[in-house]
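Take a look at the structure set out below.
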Amino acid sequence: MFAAVAVSPRSAAQDGAGAVPVVETIIVTAQKRVQPIDEVPATLTVIDADMIEFAAGNDLRSVIERTPGAASIGLGFSGNNSVSLRGLGGLATFGPYDSAVSFTLDEQVIPLRSFDALLLDAETVEILKGPQGTLYGRSTIGGAINIVTREMTKDWQAEATAQGGEHGFLALGAAAGGALGERLLVRGAVRYTEFDGDVENTLTDADTNGAEIFAGRFSAKALFSDDASLKVTYQADREDLTPTADLLLSEPRFPISGQSGLSLASRDTDRITARFENDFGDIRLIAMAGFEDTSVGNDFDLTDSILAPVAFAVPVAFTTDPDNDRSVTTTDEETISAEIRVQSETEGPFHWLVGASYLDLTFDREVSRRSLIPSFNITEVSTNGNVTYGVFADISYDVSQRLTIGGGIRIARDEVDYEGVTTFFGPLAGTPDFSEDSNFDDEYLVGNVRAVYDFGDHSVFARYARGFASGGYGEFAANALVRQPIDPFEASTSDSFELGMRGQKGRFTYSIAAFYNDVADGQVYQFDATTFVNIAENLDFESYGIDIEASAFLAQWAVLDFGLGLQEAEFKNVPDTNLSGARSGNRVPLAPELTVSAALSGERTLSNSGPLERAFYTLSVQHVGDRASDPANSFELDAYTILDARLGITLGPADIYLFGSNLGDERALLYGQNFGTPANPIPTANINRGRVLGAGITTRF
């Protein structure tokens with residue numbers, strides 16, 4: 001369900017075939033307090049557990065793209081994916097820490113490099129649009145996405161899932177939890193998926209685009225009293241991929257790969273978090289801390305035998321040696337996060353919170369390239385660190401029973417350091433090492449003011465927010481080949497306005513919002529494949545549009561969810577001297593003008609007493625419009641439409657079903673790179689997984 005309230009076909013069925021459906025208000029924590037969604041003065045999409053599980057293998061791309069105006073950005077390699085919301089998010093894809101959209105797991109920071117691990121035991125995904133720096137800090141100029149895990153309870157619960165399908169697709173999962181004594185709650189969850197691959201590689205016997213992923217989490221919550229608790233969580237994620245980046249779009253057999261030895265990508269993440277809460281009656285104290293260590297490895301072919309002859313005029317014979325042209329990258333990233341806040345717990349007209357936060361993101365990276373291209377024979381070793389301190393406050397006041405106004409502010413400081421050494425070998429052996437050491441500090445202020453007016457079944461809201469994207473350095477020694485120091489990003493700012501309305505009438509719920517984002521010094525990071533130079537620019541742009549979400553309970557067997565996003569995102573005030581190829585009026589990269597999502601689901605009661613209880617189904621469609629590939633608008637990434645379906649029965653405690661993921665076998669273009677010039681592009685792309693047909697069973701105890 002996407003809208004302000006959820007309609008339950010099961011509840012209607014239990015009350016009788018002709019009963020009016022039960023309307024359940026969705027409770028969210030997007031403003032760091034528990035409240036009904038219709039009190040949130042901003043556009044908020046909530047994806048529920050049923051729709052999360054419906055995505056085969058818990059695919060985060062499929063979940064997020066159910067949000068109007070959202071698009072996934074996937075380079076294929078581990079730790080290099082991000083999200084665009086309302087035209088913000090696709091410009092600085094290679095940055096080590098930041099996109100324009102932040103991710104949290106139960107309010108705890110998830111670095112960009114590890115956000116797209118398997119969704120595990122998730123109850124909802126809350127997607128807030130527009131600048132969210134007041135409560136969520138850095139990396140939120142486009143929005144904030146909070147994954148909410150299932151609540152820990154004293155009653156023991158357990159479930160297990162198994163799915164299997166084409167191309168060796170397998171997904172296994174289990175979760176269980178309950179009380180151990182009066183004062184200790186525990187919950188654990190594991191999930192494993194594998195996929196053999198579905199893109200032919202002409203130089204090996206194995207297909208590429210495969211994956212093997214494991215995720216496990218264990219939580220323990222100590223109840224010191226009725227008012228005080230401490231929750232500690234450990235989570236591990238393991239990922240091994242055979243990615244398919246830079247597939248030549250003009251190849252008649254697309255998608256097809258010519259890698260001399262499959263590209264390999266891996267990611268190992270260990271995360272431990274702690275959350276302490278104490279309710280003092282009128283106020284609540286919340287203190288959180290987390291540590292994450294993520295190791296990422298990417299080993300890929302530099303001269304794909306299909307792309308290289310077209311892009312670099314290299315003979316095919318020179319591209320078939322798997323030991324000749326490779327890039328091997330290893331990265332170790334450590335993240336330390338902490339937040340402490342106090343907030344009101346009374347039922348009066350005032351709601352407030354104040355707090356402080358700390359974020360330390362540091363990674364060490366080594367990349368070694370060997371190539372037929374002389375200047376590519378290098379080793380880079382770098383350390384990139386960023387510390388952010390912040391204090392924040394937020395308040396809302398019920399002026400009357402219908403009108404609520406509020407606002408928030410955050411003051412923060414960034415401290416950024418970069419060190420790098422590049423060593424040359426092969427044809428350039430003897431060239432002196434190139435070293436660089438840079439740092440800078442920055443202070444900033446963000447905030448928002450907003451209002452909500454309640455008409456009963458309907459409400460309107462208005463919001464202005466000031467956004468900020470921290471400055472920083474790219475992920476590697478970008479221009480060492482031309483012996484130039486890395487260029488830092490300057491900070492960017494935004495002024496964002498939003499006006500919306502949401503409500504419920506009988507069996508119909510809706511949310512509609514118009515928005516405008518004015519971004520100054522937006523961060524652009526562009527790789528020029530013709531000169532092998534990485535370009536960092538700060539350019540102005542704007543985005544504006546409208547989002548619509550609705551749900552309709554047509555019958556117990558037909559519940560319709562719908563989402564539509566229309567937006568424009570264009571550069572403006574672009575100087576002719578910029579090196580990215582952008583021009584005023586060019587489309588912002590990777591921002592679709594049209595997104596559509598729809599789902600039709602339902603069930604039919606078969607028996608109230610026998611083991612065969614019900615039949616159920618879900619049909620889903622997601623459409624993402626065409627997108628510009630880069631700031632120069634060298635070529636467009638085609639629109640794509642993904643169709644998914646599930647049909648099953650409930651037999652005793654088990655749901656047994658057939659499923660079809662990507663029924664149209666659409667090869668969505670998730671990212672593009674031009675290996676030619678803007679006038680004569682040689683476009684490549686990374687793609688999604690193709691069609692998977694299979695069956696599954698979920699059992700609950």
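In this structure, the side chains of Pro631 and Phe571 come closer than 4.5 Å at one or more pairs of heavy atoms. Residues Phe392 and Glu339 are in side-chain contact: their nearest non-hydrogen atoms beyond the backbone lie under 4.5 Å apart. Asn538 has its side chain within reach of Gln523: a pair of non-hydrogen atoms, C-beta onward, lies under 4.5 Å apart. Side chains of His351 and Gln343 form no contact here, defined as non-hydrogen atoms less than 4.5 Å apart. Counting heavy atoms from C-beta outward, Asp106 and Lys231 have side chains that approach closer than 4.5 Å. Looking at Phe461 and Thr43, their side chains come closer than 4.5 Å, going by heavy atoms from C-beta outward. With a 4.5 Å cut-off on side-chain heavy atoms, Tyr136 and Lys32 count as touching. Ser543 places none of its side-chain heavy atoms less than 4.5 Å from the side chain of Gln567.
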- Full working for side chain to side chain contact (heavy atoms under 4.5 Å, CB included) between Asn298 and Thr331: CA-CA 9 Å; Asn298 288 306; Thr331 303; over 6 Å; no

- Full working for side chain to side chain contact (heavy atoms under 4.5 Å, CB included) between Phe515 and Lys129: CA-CA 10 Å; Phe515 65 89; Lys129 299 177 184 176; over 6 Å; no

- Message: Assess the residue pair Arg370 and Asn377 against the criterion (side chain to side chain contact (heavy atoms under 4.5 Å, CB included)); give the C-alpha distance rounded to whole Å, side-chain angles, the decisive distance to 0.1 Å, and a yes or no.
- Response: CA-CA 5 Å; Arg370 55 188 186 277; Asn377 290 276; 3.9 Å; yes

- Test side chain to side chain contact (heavy atoms under 4.5 Å, CB included) on Ile127 and Leu85 and set out the steps. CA-CA 10 Å; Ile127 303 174; Leu85 283 177; 4.1 Å; yes

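Interatomic distance, Leu590 CG to Leu88 CG, rounded to the nearest 0.5 Å: 12.5 Å. Annotation: the span from Arg326 atom CZ to Leu264 atom CG amounts to 6.5 Å, rounded to 0.5 Å. In this structure, the separation between CG on Asn586 and CG on Asn633 is 4.0 Å, given to the nearest 0.5 Å. Here the CG-OH distance, from Asp495 to Tyr464, works out to 3.5 Å after rounding to the nearest 0.5 Å. One distance of note links OG of Ser295 with CG of Asp332; it measures 4.0 Å at 0.5 Å rounding. Remark: Asp293 CG to Glu334 CD distance equals 5.0 Å, nearest 0.5 Å.
Of the options Thr294, Asp237, Thr335, a side chain to side chain donor-acceptor pair (under 3.5 Å) to Thr269 is made by Thr294 and by none of the others. When each of Thr140, Thr104, Val125, Val63 is paired with Ile145, the side chain to side chain contact (heavy atoms under 4.5 Å, CB included) condition holds for Val125 and for no other. No option in Arg271, Gln235, Gln108 other than Arg271 meets the side chain to side chain donor-acceptor pair (under 3.5 Å) test with Glu292.
Heavy atoms of other residues, nucleotides or ligands lying less than 6.0 angstrom from CG of Asp282 number 12 at most.
If you check the side chains of Ser139 and Ser102, you find no donor sitting under 3.5 Å from an acceptor. Side-chain contact of Asn448 with Thr134: a donor-acceptor pair under 3.5 Å is present, judged by distance alone. A donor-acceptor pair shorter than 3.5 Å can be found between the side chains of Asn517 and Ser496. With 3.5 Å as the limit, one finds a donor-acceptor pair spanning the side chains of Ser357 and Arg410. Looking at Asp360 and Thr362, their side chains do bring a donor and an acceptor atom within 3.5 Å of each other.
Nearest approach of Arg463 to Pro131, heavy atoms of both residues: NH2-O, 2.7 Å. The two residues Ala582 and Val574 have their closest heavy-atom pair at O-CG1, 3.4 Å. Of all heavy-atom pairs between Ser435 and Val421, the closest is OG-CG2, 3.8 Å. Nearest heavy atom pair, residue Ala491 against residue Phe468, reads CB-CZ, 3.3 Å. Scanning both residues, Ala211 and Leu241, for their nearest heavy atoms gives CB-CD2, 3.5 Å. Residues Val367 and Ser327 approach most closely at CG2-OG, 3.8 Å, considering heavy atoms.
At distances below 3.5 Å, at least one donor-acceptor pair connects side-chain atoms of Ser584 with backbone N or O atoms of Asn573. One N or O on the side chain of Glu65 and one on the backbone of Ser72 form a donor-acceptor pair closer than 3.5 Å. The backbone N or O of Asp521 sits less than 3.5 Å from a side-chain atom of Asp540, completing a donor-acceptor pair. Distance alone, capped at 3.5 Å, is enough to place a donor-acceptor pair between the Asn686 side chain and the Gly74 backbone. Checked by atom type and distance alone, the side chain of Ser344 pairs as donor or acceptor with a backbone atom of Trp352 at under 3.5 Å.
Under a 4.0 Å N-O distance rule, the pair Asp442/Arg413 does not qualify as a salt bridge. Ion pairing of Asp414 with Arg138 is present here, as a side-chain N (NZ or NE/NH1/NH2) and a carboxylate O approach within less than 4.0 Å. A salt bridge links Glu107 to Arg275: at least one charged side-chain nitrogen sits closer than 4.0 Å to a carboxylate oxygen. With respect to Arg238 and Asp270, a salt bridge is recorded, a charged nitrogen being found less than 4.0 Å from a carboxylate O. A salt bridge between Lys572 and Glu570 is absent, with no side-chain N of the basic residue lying under 4.0 Å from a carboxylate O of the acidic one. Ion pairing of Arg369 with Glu380 is present here, as a side-chain N (NZ or NE/NH1/NH2) and a carboxylate O approach within less than 4.0 Å.
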